Amino acid sequence: MKELPKSYESAKYEESIYQLWEKSGFFRPEGLPDAAGQGEPYAIMMPPPNVTGVLHLGHALENSLMDTMARYQRMRGKHVLLLPGTDHAAVATQAKVEKLLQAEGVKHPREQLGREKLLERIRAYSEESKAIILQQIKKMGTSCDWSRLAYTFDEQRNQAVNEIFSRMYQDGLIYRGARVVNWSVKGQSTCSDDELVYVERPAKLYYFKYSHDFPITIASTRPETKLGDTAVAVNPTDERYRHLIGKIFTVDVGAAEPLSLKIIGSSAVDPAFGTGALGVTPAHSQVDFDVYEQQKAANDPIGLVQVIGQDGNMTAAAGGYAGLTVVAAREKFVAWLTDQGLLEKTEDISQNVGTHERFGDVAEALPLTQWFVAVNKEIPGRGKTLKELMRQAVESGHNGDPAQKVRITPERFEKIYYHWIEHLRDWCISRQIWWGHRIPVWYRGEESYVGAEAPLGEGWAQDHDTLDTWFSSGLWTFSTLGWPAKTADLKNFHPTSWMQMGHEILFFWMARMILMSTYALDQIPFKDVYIHGILRDELGKKFSKSSGNGVDPIEVIKQYGCDALRWSVLSGISPGNDSRFYDEKIEGARNLVNKLWNICRFMLLSISNPDSKLRKGILPATNEASGLADAWIVHRLERVRRDVTENLERFNFSYAGERLRDFTWNELADWYLEIAKIEGGKDELLNYIFNTLLKLWHPFMPFVTEAIWQEVYGQENLLMVEQWPAMDPLIDEFGEAHYFEHLEPTMAEADFASFQEIVTAIRSARADNKVEPAKKIAVYVKEKTPLCKNNAAILKALARISDLTVAQDTQKPEGAIALTAGGVEIFIDLAGAIDPEKEKARLEKELAEVAAYIPALAAKLQNQDFVARAPEKVIAGEKAKLAAAEEKQAKLKQQLIALSA
RNA sequence: GGGCAAUUAGCUCAGUUGGUUAGAGCGUUACAUUGACAUUGUAAAGGUCACAGGUUCGAAUCCUGUAUUGCCCACCA
């Protein structure tokens, strides 16, 4: 067997290994070794990254999560489909390309280039971006099925979009209507409520009257919109104003027409806030528009006057203010109020304003005719609204079936989801940008037609608007599987098994996938959603281009390797919580990868013949040379196998990994391999450990484990499709290894722990007394009562490891120091190297510690309540502790006396 | 204003359903260095588990309140 290099060089392996995996066909479920076998389908749809740029660290986290899960499930024998794709990200991409064009000097891209040319530019940009992204996904080691690569804006997905639009339209769930919507002047498009980003900023609150004879003072931070007021709302219980309800006042504030203001009652108005009266501007406030609708329904209508236009300037209805920008109109109006003596006071307040997620400007509320999804309308034949479908899928299961329940990890996000649903309004899905799925509706005069293609006949023109990008990504779990065709993939893989996402897209995406899937397929989109937090820098700040703290995951891979990147983003995370990413973490990850490499390298050097039979994961038969350390490591390996498996099942990626790290480094490398060096002759067992270890590590560190595996077994035998280690027949349900017949399995753990304590105590004493590491010293273990059944094994190990000599049943030699550890007395002859004063101080310190501990334990055991109520096991444990402490105390006292004698 | 988290060693975090003298990694200190690995090893120091009550035989863990920090939602017109 050729010798491996001293340290793992990721760059040498990663590319060729990925190619090998890809070539193997195992990324495809039907390419798996047992594709026709019993394995159940397991599907993960990769959230498609936006084609607005390249992947960042957050994507590295997501890919690591998904690929770890996919590899684990694949090794468990599932028919895993990890499906990759990208998202055209309508607004985001168009906004990005327009910004780039503007930087190139094209000030008004839409007017200057026109629809077709601009779309061409965006397409070119997005294709370039897409190509880079796909390369990056490969570099991250992602084991996804490239043959099923999807794009939210390709032909297949466009069919799905058109199909669902038509169905929802036929069901009356999509409608065209005039409502107040969010409008970005800069982007010249609508956006949904969820796309608003609220920013806090200082504002002035103006208190004024519309005219001198108007009886109520109102307050507003946007006085210019008051030119469009049509009512004043007061609380009907408010004694100050209730007598005015129903009255109509006509005031002239300089708009094209005098304002006709009706005083209306609304319990939503807080009498204690401000003046207790609210100027109602139906055209420029969502809330006020609701009031307008309510009044209409109650047969007490109020007017609607639009004073701000789509260009962000005042409309003709604003009379003397027409054509002014909003800000200029405000200044002019306030100046007029001041002149007239109508302005009573101003107040500086801080205010949250909704800005457009992509274009960044403050969104205006405008009344516009747009396309909407009706979330509160009953679906024909289903007896439920879309909102109810969305709620039920998470709450009790789709159609009340618990097996069709979307389970969210961590659970607390369920509450947030319900809360969001409560407040959900009809979803505005039409956008005036050009990059996106065109709305499949055709017009000719008064006629309209819904369908992908124009109907027969002349003169039909398609709706100019495009669809909200989330309308298409909402279909992702099934549009990727060929829907609306009834494909085998749909049957096999939907509902998908597991989905992960950041909490910031819970509403955008998770909610919409649930809506679309329950509506279109009568199925939930996925059984489990894992919500991860975001990665922050070492100071806890978000990574962003503007803060200049960005980390390029591909650079990290180049420098430290993909496995190190994966480990550094995965370790330390917990569901739903943010985590920090910093250099030391990557270095630590790189060190771990290298440690694993060297552990395997050492095992291979020690094994005379790596045995491919052991790949099946069966423990080798007992052999004569087996000792305590062997029993212990087998036991510990089984425990870690179980812990890793259980925790991956529960999506505790970080804990599973930590557990594996702890075993590998602190148990296997630091203890067992050191002993194995001395004892020797462990071919079979080392083979077994080597095999199992690589399999357990593979989902976390696919490259380094596969690299080692191939060095041993050749390129025809890929680790990625080895079977995940199962419980060995020789290990019982309690995790005890019945492997070494001459050893009690339950004792292995305790005995080895004693052994470790003894060794550590000796090392510590040597260090305290500055004994040169290379110097051999005599150690005597005094055995009063048999330490345990495996005492011989311990003593044997003690005698063989490091530089110790052991004698049984002995008196403390002259000048030796005495220790109590692991339940026995130990004498170390330092050949006069000790300082008696120092030794006395050490003993006294230890004595003080144990003396302080004993009374607490004793008191506990004398407490009748404790003895009566605590479980047997706990009481027995406390008694044992007390006994051990008392024995130690006695020994320490003796040792002190002996020292002063 | 409503809601949700977090608060444990200098730093980053575990602590799996209440039961060790509360753990890890990094950092720190001392020592080591040709034998798998300095991307290393050995040993050590370091914590009133934010605070105050309560429940319990027993609380980092459960309950109530307070403080600080972060996030989400609503919004003040």
Side-chain angles (χ1 to χ4, degrees), chain A residues 3-4 6-8 198 203 205 218-222 233 268-270 272-281 285 287-288 349 351-352 410 412-413 415-416 419-420 422-423 503-504 506-507 533-534 538 540 560 564 571-574 576-582 584-585 587-606 643 646-647 650 652 654-655 658-659 661-662 665-666 669-670 673-674 677 760 763-768 770-774 802 849-850 852-853 856-857 860 863-871 873-875 877-878 880-881 885:
Chain A
E3 202 175 316
L4 301 174
K6 276 184 103 154
S7 57
Y8 172 63
Y198 287 93
L205 184 60
I218 59 154
S220 176
T221 53
R222 305 263 330 248
V269 177
D270 177 4
F273 185 85
T275 63
L278 168 65
V280 180
T281 323
S285 153
V287 178
D288 293 3
I349 60 163
Q351 186 191 29
N352 264 346
R412 63 187 149 95
F413 284 100
K415 267 190 210 160
I416 299 174
H419 186 254
W420 176 82
E422 290 306 316
H423 291 270
H503 50 69
E504 72 278 5
L506 200 70
F507 309 136
I534 64 166
E538 63 215 308
Y560 297 92
S571 71
I573 64 165
S574 57
N577 296 329
D578 294 351
S579 59
R580 300 190 189 200
F581 183 89
Y582 40 87
E584 289 84 350
K585 222 168 165 174
E587 279 167 24
R590 188 261 327 261
N591 296 354
L592 173 60
V593 174
N594 191 58
K595 185 76 185 181
L596 180 60
W597 172 266
N598 273 293
I599 286 168
C600 291
R601 185 169 161 238
F602 172 71
M603 284 196 276
L604 287 174
L605 288 173
S606 316
D643 284 352
E646 278 173 15
N647 280 286
R650 279 149 50 189
N652 289 330
S654 182
Y655 185 81
E658 280 303 320
R659 192 57 192 81
R661 177 196 196 278
D662 184 53
W665 203 318
N666 301 333
D670 288 352
L673 293 184
E674 292 303 322
K677 273 181 197 170
T760 304
R763 284 175 181 161
S764 181
R766 292 182 59 121
D768 279 353
K770 308 246 184 282
V771 178
E772 285 168 44
S802 75
E849 273 170 17
V850 74
Y853 180 44
L857 275 175
K860 200 173 187 181
N863 182 337
Q864 289 310 307
D865 286 329
F866 174 72
V867 177
R869 298 189 193 202
K873 233 173 96 179
V874 174
I875 296 171
E878 298 295 302
K881 272 189 260 170

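Per chain, numbering begins at 1; letters A, B, ... match sequence-line order. All values reported here derive from a predicted model rather than from experimental measurement.
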- [ ] Mind telling me whether A/Trp597 and A/Tyr8 have parallel, tilted or perpendicular rings, with 30° and 60° as the class edges?
- [x] tilted
TODO: Output, in order, the C-alpha distance, side-chain angles, deciding distance and verdict of side chain to side chain contact (heavy atoms under 4.5 Å, CB included) for A/Asn594 and A/Asn598.
DONE: CA-CA 6 Å; A/Asn594 191 58; A/Asn598 273 293; 3.4 Å; yes
Task: Base partner of B/G58, which must satisfy Watson-Crick or wobble distances under 3.5 Å - done: none
TODO: Provide, to the nearest angstrom, the distance between the CD atom belonging to A/Glu584 and the C1' atom belonging to B/A24.
DONE: 17 Å
- [ ] Could you please name the option among B/A36, B/U39, B/G25 that lies closest to any side-chain atom of A/Asn666?
- [x] B/G25
- [ ] Rounded off to whole Å, could you give me the CE-to-P distance for the A/Met603 and B/G35 pair?
- [x] 19 Å
- [ ] Just name whichever nucleotide pairs with B/G46, Watson-Crick or G-U, keeping both distances under 3.5 Å, else none.
- [x] none
TODO: Measure the distance from OH on A/Tyr198 to P on B/C71 and round it to the nearest whole Å.
DONE: 17 Å
Task: Mate of B/A74 where both pairing distances stay under 3.5 Å, Watson-Crick or G-U - done: none
Open item on the list: If the cut-off is 4.0 Å, is A/Lys595 near the phosphate of B/G41, judged by side-chain N/O to OP1 or OP2?
Closed with: yes
Open item on the list: Run the side chain to side chain contact (heavy atoms under 4.5 Å, CB included) test on A/Asp662 and A/Glu658 for me, step by step, so that the C-alpha distance in whole Å, both residues' side-chain angles and the decisive distance to 0.1 Å come before the verdict.
Closed with: CA-CA 6 Å; A/Asp662 184 53; A/Glu658 280 303 320; over 6 Å; no
Task: Value in whole Å for how far the C1' atom of B/U20 lies from NZ of A/Lys860 - done: 9 Å
- [ ] Could you work out the separation of B/C51 and B/C13 based on their C1' atoms and round it to a whole Å?
- [x] 22 Å
Task: Mate of B/G18 where both pairing distances stay under 3.5 Å, Watson-Crick or G-U - done: none
Task: Test: A/Lys677 and A/Glu674 ion pair at under 4.0 Å - done: yes
- [ ] Could you please name the option among B/A36, B/A43, B/A77 that lies closest to any side-chain atom of A/Ser764?
- [x] B/A43
Open item on the list: Please tell me if A/Thr221 has a side-chain N or O lying less than 4.0 Å from either OP1 or OP2 of B/A77.
Closed with: yes
Task: Side-chain heavy atoms of A/Asn591 within contact of A/Lys595, under 4.5 Å - done: no
Open item on the list: Measuring only between side-chain heavy atoms, which start at C-beta, is A/Ile416 closer than 4.5 Å to A/Phe507?
Closed with: yes
Task: Under-4.0 Å side-chain N/O to phosphate OP1/OP2 contact, A/Thr760 with B/A43 - done: yes
- [ ] Look at the side chain of A/Phe507 and decide which nucleotide, out of B/G19, B/A36, B/C72, has an atom nearest to it.
- [x] B/C72
Open item on the list: Does B/G41 have OP1 or OP2 under 4.0 Å away from a side-chain N or O of A/Trp665?
Closed with: yes
Task: Between B/A32 (C1') and A/Arg763 (CZ): distance, integer Å - done: 13 Å
Task: Nucleotide paired to B/U12 in any strand shown, Watson-Crick or G-U, under 3.5 Å - done: B/A24
Open item on the list: Tell me which nucleotide, if any, is Watson-Crick or G-U wobble paired with B/C31 when both distances must be under 3.5 Å.
Closed with: B/G41
TODO: Provide, to the nearest angstrom, the distance between the CG atom belonging to A/Asp578 and the P atom belonging to B/C4.
DONE: 18 Å
- [ ] Return no unless some side-chain N or O of A/Lys881 is found under 4.0 Å from OP1 or OP2 of B/U20.
- [x] no
TODO: Please check the phosphate of B/U40 (OP1 and OP2 only) for any side-chain N or O of A/Asn591 closer than 4.0 Å.
DONE: yes
- [ ] Please measure how far the C1' atom in B/A6 lies from the corresponding atom in B/A43, and state the result in whole Å.
- [x] 35 Å
Task: Integer-rounded Å distance: B/U39 P and A/Arg601 CZ - done: 14 Å
Open item on the list: Classify A/Val867 by what it touches in the nucleic acid, base, sugar-phosphate, or nothing, heavy-atom distance under 4.0 Å.
Closed with: nothing
- [ ] Tell which nucleotide pairs with B/G65, taking only Watson-Crick or G-U wobble pairs whose two distances are both under 3.5 angstrom.
- [x] B/C51
Open item on the list: When the P atoms of B/A14 and B/U66 are compared, how many Å lie between them, rounded to an integer?
Closed with: 26 Å
TODO: For the side chain of A/Glu674, starting at C-beta, report the closest nucleotide among B/C4, B/A77, B/C37.
DONE: B/C37
Open item on the list: Without decimals, in angstroms, what is the distance between A/Ile534 CD1 and B/A5 C1'?
Closed with: 14 Å
Open item on the list: Nearest to the A/Arg580 side chain among B/A43, B/C37, B/U12, which nucleotide is it?
Closed with: B/U12
TODO: State whether A/Ser285 places a side-chain N or O below 4.0 Å from either non-bridging phosphate oxygen (OP1 or OP2) of B/A77.
DONE: no
TODO: Just compare B/A77, B/A36, B/A5 and give me whichever is closest to any side-chain atom of A/Arg412.
DONE: B/A5
Open item on the list: Work out how far the P atom of B/U48 is from that of B/G23, and round it to whole angstrom.
Closed with: 15 Å
Open item on the list: With nearest nucleotide decided by heavy atoms, which residue, A/Lys677 or A/Lys585, maps closer to the 5′ end of RNA chain B?
Closed with: A/Lys585
Task: Non-hydrogen side-chain atoms of A/Arg650 and A/Asn647 separated by less than 4.5 Å - done: yes
Open item on the list: Any base atoms under 4.0 Å from A/Asp670, or only sugar-phosphate, or nothing? Heavy atoms, all strands.
Closed with: sugar-phosphate
Open item on the list: Check A/Lys881 with A/Glu878, please: is the shortest side-chain N to carboxylate O separation under 4.0 Å?
Closed with: yes
